[in-house]
Protein chains: 2
Amino acid sequence: MPRPRKFDETEALQKMVMVFWRNGFDATTTRMLEEATGIGVRGIANAFGDKEEIFLKVLAVYTEMARGVINQVFDPPRLEAAQMMFQGLAQATDDPEDVTNCGCLMVNTVFELGRASPKVREAVEDYRAMWREAFHAASVADGVSDPDSRAEFLLGLLWGALSQVRLMGSTTAAAPMAKVAVETIESWKS
Amino acid sequence: MPRPRKFDETEALQKMVMVFWRNGFDATTTRMLEEATGIGVRGIANAFGDKEEIFLKVLAVYTEMARGVINQVFDPPRLEAAQMMFQGLAQATDDPEDVTNCGCLMVNTVFELGRASPKVREAVEDYRAMWREAFHAASVADGVSDPDSRAEFLLGLLWGALSQVRLMGSTTAAAPMAKVAVETIESWKS
DNA sequence: CCTATTTTACATCATTTGTTGCAAAATACG
DNA sequence: CGTATTTTGCAACAAATGATGTAAAATAGG
């Protein structure tokens, strides 16, 4: 009985992920979301709620994207997988418009919103927990001592490297940090 | 002949440094600057210019503050000084209102403004160059090989650690990264 | 075909916020 | 004491922008 939607929800969400990823929360205007999705403001608000609700849905999509990568690379969970993550992170992208040169949406979000929104903070914490667990499982699988601390350290190093990417606007900026990360992990083995 | 100012310029600037440091550029409103300095908007604009000009002056003050610390700690320039920097960075502050728990104004600024303002970006680059040179001089003084890369790496690690501070809102968040930084530098010696 | 229900498009509203105009106030010099 | 010049405070302005009201449009079921 109702009039059907003219757009695909998940497709629209993915487009909005890119907009927020590239511009952050504040700098993303409703007009930009209109242009990116082809949907009017009213339609967006009708389907996804207000700006914060949209952003939370965007963060959820982003988290699932990352979860997919993690599940793929950390199968089986190994420290080598962590090394691959760091190496891949610092790999140069040919396309200057590549969104990965914007760093990580979660890292950037924390800097922008800080502790302003509890729900956003919660989403970021969940995201961090996901990575922490991946690193922890890898540490356990390779039998290193004190996997808790190792995981925490790797998480910090990852976020630091992503900060560098955002700062310089290029994934190559993380190369020095990635290099030492790989060497450090290597020294943990055996 | 002119009417004299009711406030001290450098004192007002230092107070504004704290406001921007704690809240960032966008979240800092003219009203907050009024409240912090006790000067009206008109007086601030009259003395320092518009918001971007104010911010640039604030960045300059911040840079000089850091330069003072660097000159003190890196005298003489030694890798041990770099180690002390990292250790001090991760030291817990008793006061939860301590502004150092907000991370580094320069790091936070890059995340917020990105490449929006060329002048701001230039100020950040100058700030980074200052630290890079300190690390470089220390590397040269201790005779390590490839001081250029070492300096770049230490700079990246420092910014990564400061990202962690901002993220978690506490200097203790940088402890794991500071620990590995100290160990890594230690391994360079001899 | 008619109707109920949702979507859509357009416009408008309300709020925030950086900026500026204007007149009064204050001081140093002649 | 008078005046020139700057500062100050109040207010209003202008722009950006997220949100919303309203009516037309579209579709599925009766």
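Chain identifiers are assigned alphabetically (A, B, ...) following the order of the sequence lines, protein sequences preceding nucleic acid strands; residue numbering begins at 1 within each chain.
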[N] [atom2] sits how many Å from [X] [atom1], rounded?
| X | N | atom1 | atom2 | value |
| --- | --- | --- | --- | --- |
| A:K6 | C:dT7 | NZ | P | 13 Å |
| B:L33 | C:dT17 | CG | C1' | 12 Å |
| A:N46 | D:dG18 | CG | P | 18 Å |
| A:K51 | D:dA16 | NZ | P | 15 Å |
| B:E52 | C:dG18 | CD | C1' | 13 Å |
| B:N23 | C:dT17 | CG | C1' | 15 Å |
| A:R31 | D:dA19 | CZ | P | 11 Å |
| A:F55 | D:dA19 | CZ | P | 14 Å |

Inset, instruction - For the residue pair B:W131 and B:F74, categorise the inter-ring angle as parallel (less than 30°), tilted (30 to 60°) or perpendicular (more than 60°). - result: perpendicular
Inset, instruction - May I ask you to say whether B:K119 pairs ionically with B:E52, meaning some side-chain N is under 4.0 Å from a carboxylate O? - result: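 Salt bridge absent between B:K119 and B:E52.
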Inset, instruction - Hey, which sits more toward the 5' end of DNA chain C by its nearest nucleotide, B:P4 or B:A27? - result: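 Between the two, 5'-proximity favours B:A27.
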Legend entry - Earlier contact from the 5' end, DNA chain C, for A:R5 and B:D50: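 The residue mapped nearer the 5' terminus is A:R5.
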Inset, instruction - List the steps and the verdict of side-chain hydrogen bond (donor to acceptor under 3.5 Å, both in side chains) for B:T63 and B:D126. - result: CA-CA 9 Å; B:T63 298; B:D126 290 348; over 6 Å; no
Inset, instruction - Locate the shortest heavy-atom distance separating A:V99 from A:M18; write the atom from each residue and the value. - result: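 That would be CG1-SD, 4.1 Å.
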Legend entry - Neighbours of DNA chain D within residues 34-45 of chain B, by heavy-atom distance under 4.0 Å: B:G40, B:R42, B:G43
Legend entry - B:R3 (side chain) and D:dT7 (base): donor-acceptor pair under 3.5 Å: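 Indeed there is one.
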Legend entry - Phosphate OP1/OP2 of D:dG18: any A:T30 side-chain N/O under 4.0 Å: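 Answer is yes, contact under 4.0 Å.
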Inset, instruction - Would you kindly check if the NZ (Lys) or CZ (Arg) of B:K179 is within the cone defined by 45 degrees around the ring axis of A:F153 and under 6.0 Å from the six-membered ring centre? - result: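 Pair B:K179/A:F153 does not count as cation-pi.
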Legend entry - B:Y62/B:Y127 aromatic ring centres below 6.0 Å: yes
Inset, instruction - Could you work out which one of C:dT8, D:dT8, D:dT17 sits closest to the side chain of B:F7? - result: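 The answer is D:dT8, which lies nearest to the side chain.
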Legend entry - Any donor-acceptor N or O pair under 3.5 Å, side chains A:D95, A:T93: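 On atom types as modelled, these side chains do not qualify, holding no pair under 3.5 Å.
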